[in-house]
Visitor: 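Dropping the structure in here first, questions after.
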Amino acid sequence: MTDVTGFSARGDVGPPQAEGGERETLTAFLGYMRKAVIAKAAGLTDEVGLAPGVPSGTSLLGLVKHLTRVEHNWFVWGYAGDGGEQPLDDDAPPEAGETGEVLIAAYQDAIRASDEIIASCDDLGRRGARSLRAGAEGPTMRWLLVHMIEETGRHAGHADILREQTDGATGR
């Protein structure tokens with residue numbers, strides 16, 4: 001099934017063949033994790049995608065909104081020092097009117113903004129403007145990329161389970 005974002009629900013897709021240097025490898029794996037999350041959310045009705053799949057209330061589209069805000073907070077707000085006085089609340093649940101189409105498009109927009117910041121950084125050891133961790137220096141781009149692979153990968157795993165619960169679809 002394909003939704004309006006152009007992503008299809010898919011079976012297992014192995015990791016990327018990243019043969020370049022450090023930046024290429026890190027960004028390839030981050031992109032792989034991001035696509036996995038989008039693929040898990042694609043093709044579901046809003047009712048199913050927004051329905052909590054576990055007692056804590058986590059839903060597939062709630063994970064997408066969380067990752068959208070995490071991308072913004074770490075790359076735009078933290079690393080680039082843009083995006084307002086305070087970071088966005090990354091625990092905010094989807095609101096009325098936030099459909100799968102809207103939430104996935106917002107995630108894709110956040111990814112594009114993050115990717116522009118990554119591309120503009122010519123030294124992975126350069127520190128960002130500020131940190132989301134109280135009292136800490138802004139992280140290096142290297143740390144940020146590794147953290148975002150970890151954060152996105154963790155939630156891609158959650159999305160795997162939530163998707164399987166909805167319609168039995170499995171795979172990365």
Side-chain angles (χ1 to χ4, degrees), residues 3-8 10 13-42 49 58-95 98-160 172:
D3 72 353
V4 295
T5 64
F7 277 84
S8 298
R10 62 186 189 181
V13 176
Q17 293 293 322
E19 302 293 334
E22 180 182 22
R23 175 187 299 271
E24 293 78 16
T25 301
L26 292 171
T27 56
F29 274 85
L30 179 55
Y32 169 65
M33 290 288 93
R34 290 164 164 169
K35 288 176 185 172
V37 169
I38 293 169
K40 288 300 174 177
T58 302
S59 69
L60 254 168
L61 291 171
L63 286 175
V64 171
K65 182 170 183 170
H66 169 73
L67 287 169
T68 300
R69 288 172 169 233
V70 168
E71 289 269 350
H72 170 86
N73 288 343
W74 279 108
F75 287 105
V76 177
W77 187 86
Y79 196 84
D82 296 331
E85 294 289 319
Q86 297 293 319
L88 299 175
D89 177 4
D90 61 22
D91 288 327
E95 298 175 11
E98 287 186 315
T99 64
E101 180 180 354
V102 166
L103 291 166
I104 291 170
Y107 185 39
Q108 291 169 321
D109 288 344
I111 289 168
R112 278 189 286 279
S114 297
D115 284 348
E116 288 176 12
I117 292 166
I118 295 165
S120 71
C121 178
D122 60 357
D123 177 2
L124 295 180
R126 180 172 292 124
R127 291 194 174 277
R130 51 190 170 193
S131 179
L132 289 160
R133 298 175 294 167
E137 288 184 274
T140 66
M141 180 58 75
R142 179 179 292 104
W143 183 92
L144 183 49
L145 288 168
V146 171
H147 171 61
M148 289 305 299
I149 292 165
E150 172 270 326
E151 175 85 11
T152 309
R154 178 173 182 246
H155 293 309
H158 297 145
D160 284 341
R172 289 179 275 192

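For reference, positions follow the sequence shown, starting with 1. All values below were derived from every heavy atom in this structure, side-chain atoms included, with hydrogens, water molecules and symmetry-related copies excluded. Please read these numbers as outputs of a predicted model, since none were measured by experiment.
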Visitor: Measure the spacing between CZ of F75 and CE of M141 and express it to the nearest 0.5 Å.
Guide: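 Atom-to-atom, F75:CZ and M141:CE are 6.0 Å apart.
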Visitor: Do the side chains of V70 and M148 get nearer than 4.5 Å, heavy atoms only?
Guide: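 A side-chain contact under 4.5 Å exists here.
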Visitor: Got D109 and R112 here, is their nearest side-chain heavy-atom distance under 4.5 Å?
Guide: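 They are in side-chain contact.
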Visitor: In Å, rounded to the nearest 0.5 Å, how long is the span from NZ of K65 to OG of S59?
Guide: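 That separation rounds to 10.0 Å.
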Visitor: Taking the side chain as every heavy atom from C-beta outward, state whether T58 and H158 have any atom pair closer than 4.5 Å.
Guide: no
Visitor: Distance-only, no hydrogens or angles: does the E24 side chain make a donor-acceptor pair with backbone N or O of G21 under 3.5 Å?
Guide: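 Yes, because the side chain of E24 sits within donor-acceptor range (under 3.5 Å) of the backbone of G21.
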Visitor: How many angstroms lie between atom CG of L60 and atom CG of D160, to the nearest 0.5 angstrom?
Guide: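 The CG atom of L60 sits 9.5 Å away from the CG atom of D160.
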Visitor: Within a radius of less than 6.0 Å around CZ of R154, do more than 12 heavy atoms belonging to other residues, nucleotides or ligands occur?
Guide: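 No - once you tally the heavy atoms of other residues, nucleotides and ligands closer than 6.0 Å, there are 12 at most.
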Visitor: How close do L124 and C121 get, counting heavy atoms only, and between which atoms?
Guide: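 Closest approach of L124 to C121: N-SG, 4.4 Å.
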Visitor: Can you give me the closest heavy-atom contact between A113 and V76, atom names plus distance?
Guide: CB-CG2, 4.2 Å
Visitor: Measuring from E95:CD to L103:CG, what's the distance to the nearest 0.5 Å?
Guide: 9.5 Å
Visitor: So does D89 pair up with R69, basic N to acidic O under 4.0 Å?
Guide: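 No.
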Visitor: Could you list the residues that satisfy side-chain contact (heavy atoms from CB on, under 4.5 Å) with D115, not counting sequence neighbours?
Guide: R34, I111, I118
Visitor: Check L61 against G100 and note the closest heavy-atom contact, atom names and distance.
Guide: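 Looking at all heavy atoms of both residues, the closest pair is CD1-CA, 3.6 Å.
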Visitor: For Y79 versus R127, what's the shortest heavy-atom pair and its separation?
Guide: CE1-C, 3.7 Å
Visitor: Does I149 reach the side chain of L26, with side-chain heavy atoms less than 4.5 Å apart?
Guide: yes
Visitor: To the nearest 0.5 angstrom, please state how far the CG atom of L67 sits from the CD atom of E151.
Guide: 6.0 Å
Visitor: Just so I know, are the side chains of H72 and D90 near enough to count as touching, which here means a heavy-atom distance under 4.5 Å?
Guide: no
Visitor: So, taking the atom named OG1 in T25 and the one named CG in L30, what distance separates them when rounded to the nearest 0.5 Å?
Guide: 12.5 Å
Visitor: For residues A41 and V64, report the shortest heavy-atom separation together with the two atoms involved.
Guide: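 Shortest heavy-atom separation between A41 and V64 comes out as CB-CG2, 3.8 Å.
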Visitor: Where do P93 and E98 come nearest, in terms of heavy atoms and distance?
Guide: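 Smallest interatomic distance, heavy atoms only, reads O-OE1, 4.2 Å.
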Visitor: Can you give the donor-acceptor pairs under 3.5 Å from side chains of residues 129-140 to other protein atoms, not counting sequence neighbours?
Guide:
{"residue": "R130", "atom": "NE", "partner": "W77", "partner atom": "O", "Å": "2.7"}
{"residue": "R130", "atom": "NH2", "partner": "W77", "partner atom": "O", "Å": "3.3"}
{"residue": "R130", "atom": "NH2", "partner": "G81", "partner atom": "O", "Å": "3.4"}
{"residue": "R130", "atom": "NH2", "partner": "D82", "partner atom": "O", "Å": "3.3"}
{"residue": "R130", "atom": "NH2", "partner": "G84", "partner atom": "O", "Å": "3.2"}
{"residue": "S131", "atom": "OG", "partner": "R133", "partner atom": "N", "Å": "2.9"}
{"residue": "T140", "atom": "OG1", "partner": "W143", "partner atom": "N", "Å": "3.0"}

